[in-house]
Amino acid sequence: MGTTSIALAIILAIFFLLIIGGLVLTFMSNRYAVVAAYAGMLGIAFTLPSVPVTALVFWGIAALIVIALGHMLPKAVVDSRRGVGYIAGAALAGAFVGMVISHGWMIIGAVAGAILGGIAYSRTPAGKVMEFPSSKFLNYLCAKGLPAIIIICIIGTCLQWITLMMLV
């Protein structure tokens, strides 16, 4: 293993830490989790030999939308952690199940997981205040589910790129 390979491994490790940080911040309902995840994605993309630019642009626009929505939502909603573990955890599980099939199914799995996680949380005693089914529930699910879905799909996309690189 040459010094170039070691340097590349260290750089990839740093970007992996950014991605892991983004995932942890997702469960903490931090509005800048998407920034960490996308920064990790950019770093990984620039260290791999061939990454489609369209994917970087797509996830970059999605990240910008999440950031903009995070600044437009009321502070009480942004700071709330109510049910985020259910929503993000189920989105993560759904994304990994979908990833077995394809990239598109990973996104569908993350969306389905976030919805089912929100419904599961609303059925707990603490989640009764969400008043499922209601517009209050739907608004909160969208406010917390969209960032979780985008971040988890960014992470899943990076994992797919790295897996493909290892197979080649």
Side-chain angles (χ1 to χ4, degrees), residues 11-48 51-122 130 137-165:
I11 291 169
L12 276 173
I14 291 169
F15 294 127
F16 268 130
L17 289 175
L18 277 170
I19 286 176
I20 292 169
L23 183 62
V24 170
L25 290 173
T26 301
F27 281 90
M28 296 172 63
S29 191
N30 188 305
R31 73 171 59 183
Y32 298 108
V34 72
V35 175
Y38 190 69
M41 176 184 236
L42 284 176
I44 288 173
F46 291 126
T47 58
L48 297 179
V51 171
V53 175
T54 54
L56 291 174
V57 171
F58 175 81
W59 292 115
I61 292 170
L64 286 174
I65 290 170
V66 167
I67 292 167
L69 287 175
H71 287 291
M72 292 169 43
L73 290 170
K75 185 165 175 42
V77 173
V78 173
D79 292 340
S80 175
R81 287 185 175 177
R82 185 179 295 270
V84 173
Y86 282 81
I87 294 168
L92 183 64
F96 279 127
V97 169
M99 196 183 299
V100 172
I101 301 170
S102 72
H103 188 265
W105 279 100
M106 175 192 68
I107 298 168
I108 292 168
V111 171
I115 292 168
L116 292 174
I119 293 171
Y121 176 72
S122 73
M130 301 312 299
F137 169 79
L138 185 61
N139 288 337
Y140 189 78
L141 179 64
C142 290
K144 295 300 177 181
L146 180 66
I149 291 165
I150 299 301
I151 293 163
I152 289 167
C153 287
I154 285 173
I155 293 167
T157 302
C158 291
L159 290 176
Q160 287 180 334
W161 289 344
I162 291 167
T163 304
L164 287 174
M165 183 189 75

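Residue numbers count from 1 along this sequence.
Taking the side chain to side chain contact (heavy atoms under 4.5 Å, CB included) definition, one finds that Val24 meets it with Ile20, Met28, sequence neighbours left out. By the side chain to side chain contact (heavy atoms under 4.5 Å, CB included) test, Phe137 is found to be paired with Ile119, Ser122, Met130, Phe132, Ser134, Leu141, residues two or more places apart in sequence or in another chain being considered. By the side chain to side chain contact (heavy atoms under 4.5 Å, CB included) test, Ala90 pairs with no residue at all, sequence neighbours left out.
Shortest non-hydrogen contact noted between Ala88 and Thr26 is CB-CG2, 4.0 Å. The minimum heavy-atom distance between Ile19 and Gly40, with the atom names listed, is CG1-CA, 3.9 Å. When every heavy atom of Ile149 is checked against every heavy atom of Ala110, the shortest pair comes out as CG1-O, 3.8 Å. Taking both residues in full, the closest heavy atoms of Ile152 and Ala95 are given as CG2-CB, 3.6 Å, listed atom of the first, atom of the second, then distance.
Proximity of a side-chain donor or acceptor of Lys144 to a complementary backbone N or O of Ser80 within less than 3.5 Å is detected. Put simply, the side chain of Tyr140 never gets that close to the backbone of Gly83: no donor and acceptor are under 3.5 Å apart.
Listed by first then second residue, pairs satisfying ring-ring contact (aromatic ring centres under 6.0 Å, His included) with a partner in residues 97-122 read Tyr86-Tyr121, not counting sequence neighbours. Pairs passing the ring-ring contact (aromatic ring centres under 6.0 Å, His included) check and including a residue from residues 12-37, sequence neighbours excluded, do not occur.
Interatomic distance, Ser102 OG to Gln160 CD, rounded to the nearest 0.5 Å: 8.0 Å. Atom OG1 of residue Thr47 and atom CD1 of residue Ile14 lie 11.0 Å apart, to the nearest 0.5 angstrom. The CE atom of Met106 sits 9.0 Å away from atom CG of Leu159, with the distance rounded to the nearest 0.5 Å. Taking CD1 of Ile155 as the start and CG of Leu18 as the end, the distance is 11.0 Å to the nearest 0.5 Å.
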N/O donor to acceptor pairs below 3.5 angstrom from side-chain atoms of residues 51-77, sequence neighbours left out:
unit_1	atom_1	unit_2	atom_2	d
Trp59	NE1	Thr157	OG1	3.4
His71	ND1	Arg31	NH1	2.9
Lys75	NZ	Asp79	OD2	2.8

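Under the 4.5 Å side-chain criterion, counting only non-hydrogen atoms from C-beta, Val34 is not in contact with Pro147.
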Could you walk me through whether Leu25 and Ile151 pass the side chain to side chain contact (heavy atoms under 4.5 Å, CB included) test, one step at a time? CA-CA 10 Å; Leu25 290 173; Ile151 293 163; over 6 Å; no
